[in-house]
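Let me begin by presenting the structure, written as structure tokens, before commenting on it.
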Amino acid sequence: MTEPRLDVLCIGNAIVDVIAAADDGFLAAEGLDKGSMRLIDAAEATRLYGKMGPGREISGGSAGNTAAGVAMLGARAGFVGQVADDQLGEVYAHDIRSTGVEFTTPFREGGDVPTARSLILVTPDAQRTMNTFLGAAQHLDTSMLDEEQVRDAAILYLEGYLWDPETPRAAMERAIAVSHEAGRRVAFTLSDSFCVDRHRDGFNRLLDEKKVDILFANEAEIVSLTGKDDFDAAVAEAAQRVPLLVVTRSEKGAIAVENGRRVDVAAEPVEQVVDTTGAGDLFAAGFLAGLAQQRPLDQALRMGAIAAAEVISHYGARPEADLKALVAQTLG
Ligand code: GMP
């Protein structure tokens with residue numbers, strides 16, 4: 001096996017976030033499930049955008065956020081995702097490259113579908129409710145993969161959201177095969193409990209076919225995947241089916257289970273939680289960067305907690321502070 005050139009290569013939906021404050025009444029009137037992600041079409045995106053308060057556009061996308069966090073922590077990261085040849089596509093590419101991430105996926109030309117956007121409503125309790133129009137992102141097909149790049153990455157990281165549209169699902173399955181043939185590890189995040197509800201069989205099959213080496217989930221997702229509503233029982237069951245399981249628990253911190261050994265860490269204190277968008281994404285970034293630095297599990301978990309704490313202290317899912325300095329202050 002050759003030395004990897006990248007520590008982590010992330011594949012996901014390339015999405016520009018449009019973030020606006022909203023109250024519970026707005027969510028209720030729109031019939032939205034707080035804290036979840038739903039997919040919408042172009043017409044619904046236009047309608048809902050028209051009803052939202054003033055929005056701010058920030059590059060996002062779950063796996064893209066993770067790639068940015070990994071790079072900002074000093075590890076070598078790449079991202080694969082489909083944007084269109086339009087202004088938002090340019091913004092997205094510029095933004096992710098500016099964080100130090102290798103991004104070489106060609107833009108989709110032809111002007112048939114625009115770059116994806118997620119209309120994110122942040123309620124006063126800092127929860128985020130996402131309404132995503134996938135646009136160009138759902139056209140990420142197998143031919144867009146640079147298989148050399150996949151082989152060059154120590155860890156391939158995939159978001160569960162990619163399972164929704166058929167085309168990127170096939171690209172993801174191909175990337176898993178290429179990564180494993182090269183002797184690399186595959187990491188997968190379950191993304192969202194409603195996404196797990198939609199694709200429980202497919203996700204369980206990925207685990208049972210040993211296609212996942214590192215599984216990321218939160219409490220609701222692991223409960224949904226296993227069908228066990230007791231958290232510890234769900235963790236115990238899932239941990240038997242994946243070599244390394246990482247589960248985040250919001251303000252209760254996070255755990256990892258490897259070879260039957262469970263490690264728990266507390267959440268980092270946050271003065272004011274403003275917007276929890278990206279908490280899980282940045283947690284994964286910190287954890288993966290910790291693995292790249294050969295840190296023990298408890299320290300990798302703490303790196304995840306430090307990166308997550310930064311991102312929830314302000315609007316948007318991309319870090320604003322110097323993550324490397326924050327880790328150095330806390331962990332040395
Ligand atoms: O949700 C992923 C991770 O983000 C958790 O494991 C925590 O590290 C962090 N996190 C999420 N929500 C909160 C919160 O309300 N308070 C604190 N301190 N951390 C949180």
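First listed ligand is number 1; within each ligand, the first listed atom is number 1.
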Exercise for the section: Check whether more than 12 heavy atoms from other residues, nucleotides or ligands sit under 6.0 Å from atom CD of Glu271, and answer yes or no. Expected result: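 Not buried by this count: 12 neighbours or fewer within 6.0 Å.
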Among all protein non-hydrogen atoms, which one is nearest to [atom], and what is the separation to 0.1 Å?
{"atom": "atom 6 (O) of ligand 1", "value": "Gly253 O, 3.0 Å"}
{"atom": "atom 16 (N) of ligand 1", "value": "Glu251 CB, 3.7 Å"}
{"atom": "atom 3 (C) of ligand 1", "value": "Ala308 CB, 3.8 Å"}
{"atom": "atom 18 (N) of ligand 1", "value": "Glu268 O, 2.9 Å"}
{"atom": "atom 8 (O) of ligand 1", "value": "Ala305 CA, 3.8 Å"}
{"atom": "atom 2 (C) of ligand 1", "value": "Thr248 CB, 3.6 Å"}
{"atom": "atom 1 (O) of ligand 1", "value": "Ala279 CB, 3.7 Å"}

Problem - Pairwise side-chain contact, Phe283 with Met303, heavy-atom cut-off 4.5 Å (strictly under) - result: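 Phe283 does not reach Met303 side chain to side chain.
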Exercise for the section: Would you mind reporting whether Arg5 and Arg151 have side-chain heavy atoms less than 4.5 Å apart? Expected result: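 Arg151 vs Arg5: side chains apart.
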Handout entry: Candidate list Phe216, Tyr157, Phe203, test ring pair (Phe, Tyr, Trp, His ring centres under 6.0 Å), partner Phe188, passing option
Key =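 Looking at Phe216, Tyr157, Phe203, the match for Phe188 under the ring pair (Phe, Tyr, Trp, His ring centres under 6.0 Å) is Phe203.
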Handout entry: Short N-O contact, Glu102 and Arg76, less than 4.0 angstrom
Key =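 Salt bridge flag = no for Arg76 with Glu102.
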Problem - Salt bridge present between Arg97 and Asp95 (N-O < 4.0 angstrom) - result: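 The answer is no: the pair does not qualify as a salt bridge.
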Exercise for the section: Flag this pair as yes if the NZ/CZ of Arg318 is under 6.0 angstrom from the six-membered ring centre of Tyr92 and inside a 45 degree cone about the axis; otherwise no. Expected result: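 Ring-cation test returns yes.
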Problem - Thr115 (side chain) donor-acceptor with Leu88 (main chain) under 3.5 angstrom - result: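 No, because the side chain of Thr115 does not come within donor-acceptor range (under 3.5 Å) of the backbone of Leu88.
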Exercise for the section: Going by heavy-atom distance to atom 19 (N) of ligand 1, choose the closest among Asn218, Ile306, Ile312. Expected result: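 Answer by nearest heavy atom: Ile312.
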Exercise for the section: Return the option from Ala254, Ser250, Pro269 holding the heavy atom at the smallest distance from atom 12 (N) of ligand 1. Expected result: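 When every heavy atom of Ala254, Ser250, Pro269 is considered, Ser250 comes closest to atom 12 (N) of ligand 1.
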Exercise for the section: Please work out whether any backbone atom (N, CA, C, O) or any side-chain heavy atom from C-beta onward of Leu282 is under 4.0 Å from ligand 1, and answer side chain, backbone, both or neither. Expected result: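 No part of Leu282 is near ligand 1 at this cut-off.
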Exercise for the section: May I ask whether Ala309 has any heavy atom positioned less than 4.0 angstrom from an atom of ligand 1? Expected result: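 Per 4.0 Å heavy-atom rule, Ala309 does not contact ligand 1.
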